[in-house]
Amino acid sequence: MSFAPLLLEIKNLHVHYAVYGGRLKVLDGVDFHMRTGEKVGLVGETGCGKTTMMKAILRVLPMPPAQIPQGEIYFNGRDIRKMSGNDLQRVRGRGISMIFQDPTAALNPVFSVGEQLGAVIQYSAERGKALSHQEIHQRAIAALQEVALADPERLLRSYPSQLSGGMRQRVCIGMALATHPQLLIADEPGTSLDVTIQDQVLRLLRTLVAEKDTSVILITHSLGIVREMTDRVYVMYAGDIVEVAVTPNLFANPLHPYTQGLISTVPRLTGGGIASGIPGRIPNYLTPPTGCRFHPRCPHVMDICRAEKPPAYRVDDDHEVACFLYRTENRV
Amino acid sequence: MSLLNFLVRRIIYSVFVLLGLSIVIFLIARVMPGDPARMAVGARAPQWVVDRLREQMHLNQPLVVQYGYWLSDAVRGDFGLSLITQRPVTTDIKEFLPASLELVFFSGLLSAVGGIGLGIVSARYKDTWIDNVVRVFSYFGIVTPSFVFAILFILLFGFTLNWLPIIGRVHEQTAVPPLVTGAITVDALLAGQFGTFFDALRHLLLPAISLAMGSIAQEARITRSSMADNLSKDYIASARALGIPERVVMGRFLLKPSLIPTVSILGLDIASTLSVAFLVELIFNWPGLARYGMNAMLHKDLNAISAVILVLGAAFVTVNIIVDIIVAQLDPRIRLSATRSA
Ligand SMILES: Nc1ncnc2c1ncn2[C@@H]1O[C@H](COP(=O)(O)OP(=O)(O)OP(=O)(O)O)[C@@H](O)[C@H]1O
Ligand code: SF4
Ligand SMILES: [Mg+2]
């Protein structure tokens, strides 16, 4: 695995939101990398900046209010942030595609499923290859069948408001896969659905991803899903990556106090609350805590934690943690 | 089927609106001081003439019965004689309405094209000087009444630059096409008189722009802000993230949802230009219905007033139906909910 080429690498990414009264300093120097074929999980409680980070990768953050004062994002060795419009468009879709968190918001309410899916298929076709209406239609049907949607002909003519939540979610998955991406970002797929349907959706996603051998970033609140579906996990707290490890290690040997809190709250297979184990709330991003952003909630807080931001320490191969409790280890 | 259903429902609804309006008009006409019979025959006619006329006009019957007579006449297009012109009101309306409709239609066209166009440009170049210019223009356009624009344009394009005519519907020496619809541009085209068509168009330009300025400004503002709002929606981020090119995202997936509020407001604007057109018609000496109605009011010409208000009401309702159809075309949610509940 670790010999596969680097697919995505993020260095020191900062994202702020300009709001009334100041700037929300949400991402505070995020580092992230993954190799081709890897399935990487990203967990962290609500508001910690997961969606922000994914939208930054694809350059689809709403600007304003979002700003990116610093950071590099390499995809296949090229910095996405420096790409021209054309190159960027080629990365989007065929390179990286994304299943958005809320399928209802991600579908355009005034276009039919066929119009939206058709456009995605049309523009993600290989360069210089214009598809006929016929081909687009066939591929659209195939994309819907792939996500196990019945009566695709009728679905293509339907509008999002005519579909159930589960169907919208499947349509979104179908659209994201219709581009045959190298890297699929799935932002909490199924969270808006009830537990049984969510389960079906995740099962489906897992099968599809396994079939196609797509690289995946899976965002979720549920540690059960992470355990089942990912090779490696990033744990995020308040805009910082606090720990990363191969999945079994993280569960066997969580190092960061925040991760330990997460894991001690035994998760069910689906659902399973993050943040239920640790008292306190995610800090306010206008004036985030100094030093380690977790210090107001940390049971092991030391003086240095309030003064300095902990760097990442390598505790083991494939296991890094950003916490001063591991000062004796090698800095990354 | 769905659209037909929608249409039938809207039309039935509109008939009730117009009936309500007719009751109001009738009551207002009846409670106005003065005896309609006496007004009709003049102050010097003997009392027995007035009495006989009162009998003929059913003025001695209960109000409900009077309304019944009035309505059945109105439905047949009989609003009685106009005090001013001494002709049947219907004849007057047939003469003046087409000129007004032509003006309002043209000004509506300018509002739609100009307003939406400026709005798109403004949104596309958001927060640049172009956007700022459009925004400043919008504020002026919204707060300035149309007659001020009319006077400014007459001074600028009529007198100073001498580019465009400022009076009437065609030049005195232009051959007027045979009367078909009453809209000179349309009639000229029907008759194949292109010279007349362009002359009529030139005459339309200044009054139509004066009328349209307010709503161009309004439409530009609304289009810009709804595009700016929708730009941060997830469906735009998603379309981009899935590799759809920027021009398609903007020109298709952003534009269509953003036009919905614009079209709704545009309909209201066009409908209300019908009634505010009188000053512009007056200034440009445009023989239209708004001017006729204004005159009728100044002279307490009740028959004419009732007819004009009812015609304006009908026009208002029609424009609204058309707008509803366009909005339903743009927005499947409205279309679908209309069929579902039908
Ligand atoms: N458009 C925006 N304007 C201002 N603040 C924003 C905006 N989008 C996100 N934020 C803020 O950024 C922070 C991170 O948001 P983000 O959506 O990335 O979190 P998340 O980890 O995806 O949470 P969740 O699990 O609930 O999806 C939140 O505090 C949120 O309030
Ligand atoms: S750095 Fe300090 S405050 Fe932060 S998690 Fe480690 S011990 Fe706790
Ligand atoms: Mg999120």
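Naming: A, B, ... by sequence-line order, numbering from 1 per chain. These numbers come from a predicted model, not from an experiment.
- The two atoms that bring B:A241 and A:R92 nearest to each other are O-CB, 3.5 Å, heavy atoms only.
- The shortest distance between side-chain heavy atoms of A:M175 and B:L242 falls below 4.5 Å.
- A search for side-chain contact (heavy atoms from CB on, under 4.5 Å) contacts involving B:V121 returns B:Y125, B:I130, not counting sequence neighbours.
- The one candidate from A:P65, A:P64, A:P62 that meets the side chain to side chain contact (heavy atoms under 4.5 Å, CB included) condition with B:S232 is A:P62.
- For chain B, the option among A:S97, A:P109, A:P160 with the highest count of heavy-atom pairs below 4.5 Å is A:P109.
- Interface summary for chain B: among A:L107, A:T179, A:I185, A:L58, the most heavy-atom pairs under 4.5 angstrom belong to A:L107.
- Residue B:F137 places its CZ atom among more than 12 non-hydrogen atoms of other residues, nucleotides or ligands, all under 6.0 Å distant.
- The NZ atom of A:K55 sits 9.5 Å away from atom OG of B:S238, with the distance rounded to the nearest 0.5 Å.
- Between B:P332 and A:V110, some side-chain heavy-atom pair lies under the 4.5 Å cut-off.
- When all heavy atoms of B:G243 and A:Q89 are compared, the closest pair comes out as O-NE2, 3.0 Å.
- Here the shortest heavy-atom pairing between B:A237 and A:V60 reads O-CG1, 3.6 Å.
- Using a 4.5 Å cut-off between heavy atoms, A:I99 makes no contact with chain B at all.
- Contacts between residues 256-267 of chain B and chain A, counted as heavy-atom pairs separated by less than 4.5 Å, involve B:K256, B:P257, B:I260.
- Neither the backbone nor the side chain of A:M63 comes within less than 4.5 Å of any heavy atom of chain B.
- Considering only heavy-atom pairs separated by less than 4.5 Å from chain B, the leading option among A:E115, A:M98, A:R59 is A:E115.
- Residue A:N108 comes nearest to B:F253 through the heavy atom pair ND2-O, 2.9 Å, listed as atom of the first residue, atom of the second, then distance.
- To the nearest 0.5 Å, atom OH of residue B:Y235 and atom CZ of residue A:F100 are 13.0 Å apart.
- Partners of B:D131 under the side-chain hydrogen bond (donor to acceptor under 3.5 Å, both in side chains) rule, at least two apart in sequence or in another chain, are B:S122, B:R135, B:R224.
- Atom-to-atom distance recorded for A:N86:CG and B:E246:CD is 11.5 Å, nearest 0.5 angstrom.
- In terms of the side-chain hydrogen bond (donor to acceptor under 3.5 Å, both in side chains) criterion, B:Q329 has no residue partners (sequence neighbours excluded).
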